[in-house]
Peer 1: 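Got a structure for you, written out below as structure tokens; questions coming shortly.
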Amino acid sequence: MPDTRFIDPSIATWPGEAARLLGGRCDGCAVVTFPAPKGCPACGGGDVSQVELDPVGTVWTYTVQGFPPPAPPYLGPASPDTFRPFAVAYVDLGSVLVEGPVLGDPSSVRIDDPVRVVFPVLGQDQDGNDVVAFAFEPIEEGSHA
Amino acid sequence: MPDTRFIDPSIATWPGEAARLLGGRCDGCAVVTFPAPKGCPACGGGDVSQVELDPVGTVWTYTVQGFPPPAPPYLGPASPDTFRPFAVAYVDLGSVLVEGPVLGDPSSVRIDDPVRVVFPVLGQDQDGNDVVAFAFEPIEEGSHA
Amino acid sequence: MPESEVVIVGVGIHPFGRHEGLSGLEQGAIAAQAALADAGCAWPDIDVAYGGSVASGAADSLVSILGLTGVPFVNVANGCATGGSSLMAAFDALRSRQCDLGLVVGFDKHPRGAFNADPALLGLPDWYAEAGMMLTTQFFGMKLRRYMHDFGITEDALARVAAKAFRNGERNPNAWRRKPITEEEIRNSFVIADPLTQYMFCAPAEGAVALVVARAESAPAGSRPVTLRSAVLASRRHGTFEVFSPSLSSTRAPSPSVFAAQGALEMAGVSVSEIDVAQIQDTESGAEIMHMAETGLCADGDQEALIMSGATEVDGSLPVNTDGGCLANGEPIGASGLRQIHENVVQLRGDAGERQVPGEPRVALSHVYGAPGISACTVITA
Amino acid sequence: MPESEVVIVGVGIHPFGRHEGLSGLEQGAIAAQAALADAGCAWPDIDVAYGGSVASGAADSLVSILGLTGVPFVNVANGCATGGSSLMAAFDALRSRQCDLGLVVGFDKHPRGAFNADPALLGLPDWYAEAGMMLTTQFFGMKLRRYMHDFGITEDALARVAAKAFRNGERNPNAWRRKPITEEEIRNSFVIADPLTQYMFCAPAEGAVALVVARAESAPAGSRPVTLRSAVLASRRHGTFEVFSPSLSSTRAPSPSVFAAQGALEMAGVSVSEIDVAQIQDTESGAEIMHMAETGLCADGDQEALIMSGATEVDGSLPVNTDGGCLANGEPIGASGLRQIHENVVQLRGDAGERQVPGEPRVALSHVYGAPGISACTVITA
Ligand SMILES: [Zn+2]
Ligand SMILES: [Zn+2]
């Protein structure tokens, strides 16, 4: 029977209300990288500890993906009928900038917009399982994260 | 219906009793190469004329292929049951030394042995056609080529 | 303290574009023969050769077409910096070995469509491609969007850069795209990665370029040398913004282009204000704009006024990508960096015809940049 | 007239063999870190890097493990001569640019079984493979058979060469094959390509080697430098006998190894009689024998007596392949040439332990040879 699975269990604590992205912090120089690297790209050090990333941040830069990514490997809607342009952004989470899709109207995304990490269904894999990935969702002005 | 075809019509005048291998002679420096090259490997000249190679020569060096060549691409007998070690030689045809299999008992081949070019069936292609290739055959002492 | 000056004595190009029935290697041989003829020497005179292609096989296979002379021939595989790296190594060989003549060659023949990449080969996780983020075009859009925000570059400037490329291509018989396109058409073409449209992006293509280099005292009689003052390569540092990065450091570092350009100017003993003509990496319109500042040709943000006032046109005060760049020539990766140097040599010789920079340009800069974060720059002088 | 002497100040090796779960690149990083530690310097000190692999990806990807320092890193792709070509280019860079420290690295990880080749990629017709002639082993058998005929080399000598390799491998902790095999076992093993048997051939393998090179005046304090006197590359001339040749010219020319060795000796200002230890390409037993003459170490035909008298043993008058060569180490193509130089450095330092050449060797030659007819030679001195 088809199931629901996370796209890569090593990159987040999904499932759960308070799911978080997982990065790696270098024990030597404290630089944070997502996903957790084998060795630190900043200092070459080999000791990296897992760290939960802040769930809220701001858009540092963005673009709009105008055409369907090649599928496979893309698991989202990729046919001319189902594809809709979507925004992709680097989101400044304080310790690190993480790249991810931004939900909602791509034409409304702006630099410095506040966003939070969410875990929506991206699409289906070959076996018919729903595949959950991470994305960012705009935080409405006046709402409380 | 399966047919008989030559492995590459550009390299010999097969069929016929007097079939010959076809090389290329450089119009500039007269160096002969087999098969005919696009440009002369000796002088870089671009003008190369087709030339029929002498059908008899002598073994310049040889080895014995001890294991079945990977099949495909090899078209000869390649299963453990059907493979028999065979000799391969460079044969000095005067104008050029040509590499080819030597028919007969591989353990009896020696440098300077006289040989002639022949066109035996090598094996079958995917469509069941007999594929004819070239090889060299020892010339018995006392016989006339 | 250079002991020997190195000069470029011959240039050869096989036109860029699409060439049915001609392999990348064959285009490389045509370019090499043209460069040898331009230098007034022959293939057996060459003491050392460096070259490469990304998709068309080993460059040293050229010996089977050019002739088996015994020449030491080193294949270089540095992506977009293949030409620049080859030239750097040949430059060093001539100076270190006191040998006379070297050949540098780059060629390629890519299939149509975007360059595709396998995440595993690049050390990236599968989810990165599955989630729709493994597209080079997104990187270009995002690097540019931040730059426009920080330094006030407009979409008008993006369209102007592309329109200039096609106008310059029209005047370049070796270019692929030789029809002008209006800024309106460019802006209204399909949006690939906002703010970049289809006509603001270069496409994979075919082509080949070769250079004959010599120690100055060994330049063939009758050749028309220009001096290769420097060739410098730099790779990325931690904190730069590169393609295919699931995350970026919270602290930023200057691009490798900054160090390659500074190094090339310093080695050449030339100040950036002396540059008369520049060929810089324009994978898309915004790259030309950002690279103008990264190479030091102007300050961040000054591009808008320079471009809109026409300064980067062939007859402007700072001509950039006079041969139409990657936008008009397409990008055969192994050949693209050497195409820039070919154009700079043609400009310094005064041979550029309709696209000749006026006023006898004497100092030229070239700059390439590509994955995984490498840049190569050269300075040549008349 | 070398302006600056170049020295090797650090060597590092990842053992050759089979290493489940460790990529070629990771082995390369281990070798690089070992070479840096041996030199007493750190990765950020390196001013220029050259390296390559045939089957394990771009060498400059090492920066993502070693650190993003901005170093210019050039990938070289010259098959068996990848290591030698990289060393040559680094040598030239140090001398031409007056920079201090360079890294040269080679690594590879090949699948089990023979190297397979696609005829089209090599410019060969399909019939050549269909007729059963596209096997490297045939080339080795045929080149050797003619040589044995012309110069009186026996099958006893072939077996003796392989037995020596495994004996030397036994005394080399970094070798893959470390068990002696008797000459009888070697002769009686499966006949791959008469006169060559299974134990006379090397096999594809895994491993990595790195060297740190410096201008003599910049050698790190406390390092133990040996002098890199020359690094020379040569490609084939018309008339040589190379692998995958449907025909050979009726006139013969000397192998590229002859020119590479002559060039390396000449550049080093060393006569062949001064060589105390040599590492030469031994893809199979006969190659070691033929390359002894091609490199000038002896006259054609003299090998038989030298080998049978023990002259090429570790304690002989002309020690050859003291680390067990390709036969005992296997062949990770990108690393193989640098393994030879690693062994020569270890011998000149007197650090070779059980396999140490007696009498304080002072001059060492290395030689690689491979498809499509290229050879690289180096001379180092204590
Ligand atoms: Zn760190
Ligand atoms: Zn010719």
Side-chain angles (χ1 to χ4, degrees), chain A residues 6-8 10-11 21 23 29 31-35 37-38 40-44 53 59-76 78 85-101 106-107 109-112 122-123 125 131 133-135, chain C residues 113-120 123-150 189-198 200-201 236-253 284 286 372-373:
Chain A
F6 191 64
I7 195 165
D8 186 333
S10 74
I11 65 169
L21 294 176
C29 74
V31 160
V32 175
T33 304
F34 171 82
K38 278 190 188 175
C40 173
C43 73
L53 302 184
V59 171
W60 185 74
T61 189
Y62 65 93
T63 186
V64 177
Q65 174 62 32
F67 59 94
Y74 183 50
L75 294 176
F86 59 89
V88 178
Y90 280 96
V91 172
D92 187 346
L93 298 176
S95 61
V96 64
L97 279 55
V98 170
E99 186 183 8
S107 71
V109 177
R110 292 291 177 273
I111 286 172
D112 293 334
L122 169 67
D125 66 16
V131 178
F134 73 93
Chain C
F115 294 110
N116 283 315
D118 176 348
L124 288 164
D126 287 341
W127 67 259
Y128 190 63
E130 291 169 357
M133 293 192 284
M134 198 156 160
L135 293 114
T136 56
T137 45
Q138 291 179 1
F139 161 74
F140 292 114
M142 286 197 281
K143 183 178 174 191
L144 176 57
R145 177 54 75 192
R146 180 76 202 188
Y147 193 85
M148 292 168 75
H149 172 269
D150 286 349
S189 67
F190 181 78
V191 179
I192 302 255
D194 173 81
L196 292 164
T197 68
Q198 186 179 354
M200 296 177 188
F201 269 104
R236 70 193 186 281
R237 304 188 181 211
H238 180 67
T240 63
F241 189 174
E242 308 294 346
V243 71
F244 297 153
S245 300
S247 71
L248 298 178
S249 166
S250 58
T251 53
R252 306 255 61 76
E284 36 77 29

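Just so you know, these numbers come straight off a predicted model, no measurement behind them. Below, chains carry the letters A, B, ... as their sequence lines are ordered, and counting in each starts from 1.
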Peer 1: Can you name the closest pair of heavy atoms from A:Ala78 and A:Pro68 and give their distance?
Peer 2: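 What the structure gives for the nearest pair is O-CB, 3.3 Å.
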
Peer 1: Between C:Met142, C:His238, C:Lys143, which residue shows the highest count of heavy-atom pairs closer than 4.5 Å to chain A?
Peer 2: C:Met142

Peer 1: Would you find a donor on one side and an acceptor on the other, under 3.5 Å apart, between the side chain of A:Thr63 and the backbone of C:Asp194?
Peer 2: yes

Peer 1: In terms of heavy-atom pairs under 4.5 Å with chain C, which of A:Leu75, A:Leu122, A:Val98, A:Asp92 leads?
Peer 2: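 Heavy-atom pair counts peak at A:Leu75.
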
Peer 1: What residue in A:Tyr62, A:Tyr74, A:Phe67 has the most heavy-atom pairs under 4.5 Å with chain C?
Peer 2: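 Of A:Tyr62, A:Tyr74, A:Phe67, A:Tyr62 has the most heavy-atom pairs under 4.5 Å with chain C.
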
Peer 1: Tell me, do A:Pro85 and A:Val64 make a side-chain contact under 4.5 Å, heavy atoms counted?
Peer 2: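 In short, these two side chains touch, coming nearer than 4.5 Å.
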
Peer 1: Report yes if some heavy atom in the side chain of A:Thr33 is under 4.5 Å from a heavy atom in the side chain of A:Pro41; otherwise report no.
Peer 2: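 The answer is yes; the side chains approach within 4.5 Å.
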
Peer 1: Heavy-atom distances under 4.5 Å only: say whether A:Ser95 touches chain C with side chain, backbone, both or neither.
Peer 2: backbone

Peer 1: Report yes if the side chains of A:Ser10 and C:Trp127 come closer than 4.5 Å at any heavy-atom pair, otherwise no.
Peer 2: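 Not in contact.
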
Peer 1: Would you find a donor on one side and an acceptor on the other, under 3.5 Å apart, between the side chain of C:Gln138 and the backbone of C:Gly132?
Peer 2: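 Side chain of C:Gln138 to backbone of C:Gly132: a pair is present.
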
Peer 1: Any idea which of A:Val59, A:Val131, A:Asp125, A:Val96 has the most non-hydrogen atom pairs under 4.5 angstrom with chain C?
Peer 2: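 Highest number of heavy-atom pairs under 4.5 Å: A:Val96.
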
Peer 1: Within the 4.5 Å heavy-atom criterion, are C:His149 and A:Thr61 side-chain neighbours or not?
Peer 2: no

Peer 1: Do A:Val88 and A:Phe86 come within less than 4.5 Å of each other through their side chains, counting heavy atoms only?
Peer 2: yes

Peer 1: Looking at chain C, which one of A:Gly23, A:Pro69, A:Pro73 has the largest number of heavy-atom pairs inside 4.5 Å, strictly under?
Peer 2: A:Pro73

Peer 1: Which region of C:Arg236, side chain (C-beta onward) or backbone (N, CA, C, O), has a non-hydrogen atom less than 4.5 Å from a non-hydrogen atom of chain A, or is it both or neither?
Peer 2: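 Answer is neither: C:Arg236 stays 4.5 Å or more from chain A.
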
Peer 1: Are side-chain heavy atoms of A:Pro72 and C:Glu130 found at a separation under 4.5 Å?
Peer 2: no

Peer 1: Quick check on C:Phe140 against chain A: is it the side chain, the backbone, both or neither that has a heavy atom closer than 4.5 Å?
Peer 2: neither

Peer 1: If you tally heavy-atom pairs under 4.5 Å against chain A, which of C:Ser250, C:Pro119, C:Pro125 wins?
Peer 2: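 Max contact count across the listed options: C:Ser250.
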
Peer 1: What part of A:Leu93 is in contact with chain C, defined as an atom under 4.5 angstrom from a non-hydrogen atom: side chain, backbone, both or neither?
Peer 2: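 Contact with chain C involves no heavy atom of A:Leu93 at all.
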
Peer 1: Chain A heavy atoms under 4.5 Å from C:Tyr128: which part of the residue, side chain, backbone, both or neither?
Peer 2: side chain

Peer 1: Go through it in stages, so that I can follow the logic: the residues are A:Phe34 and A:Phe134, the test is ring pair (Phe, Tyr, Trp, His ring centres under 6.0 Å), and I'd like the CA-CA distance, side-chain angles, deciding distance and then a yes or no.
Peer 2: CA-CA 13 Å; A:Phe34 171 82; A:Phe134 73 93; 5.6 Å; yes

Peer 1: For A:Val31, is it the side chain, the backbone, both, or neither that has a heavy atom closer than 4.5 Å to a heavy atom of chain C?
Peer 2: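 Only the side chain of A:Val31 comes within 4.5 Å of chain C.
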
Peer 1: Heavy atoms only, distances under 4.5 angstrom: which of C:Leu135, C:Thr251, C:Asp126 has the most pairs with chain A? Name it, please.
Peer 2: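 Highest number of pairs under 4.5 Å: C:Leu135.
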
Peer 1: For C:Ile192, is it the side chain, the backbone, both, or neither that has a heavy atom closer than 4.5 Å to a heavy atom of chain A?
Peer 2: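 For C:Ile192, the contact with chain A is made by backbone and side chain together.
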
Peer 1: Could you tell me which portion of C:Thr137 (side chain, backbone, both or neither) has an atom closer than 4.5 angstrom to a non-hydrogen atom of chain A?
Peer 2: side chain

Peer 1: Given that the side chain runs from C-beta out, which part of A:Ala87 has a heavy atom under 4.5 Å from chain C: side chain, backbone, both or neither?
Peer 2: neither

Peer 1: Quick one: does NZ or CZ of A:Arg110 land under 6.0 Å from the six-membered ring centre of A:Trp60, within 45 degrees of the ring axis?
Peer 2: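 Because its charged atom misses either the 6.0 Å distance or the 45° angle limit, A:Arg110 does not stack over A:Trp60.
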
Peer 1: For each of A:Ile11, A:Ile111, A:Val91, tally heavy-atom pairs with chain C at distances under 4.5 Å, and name the one with the top tally.
Peer 2: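 Most pairs with chain C among the choices: A:Ile111.
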
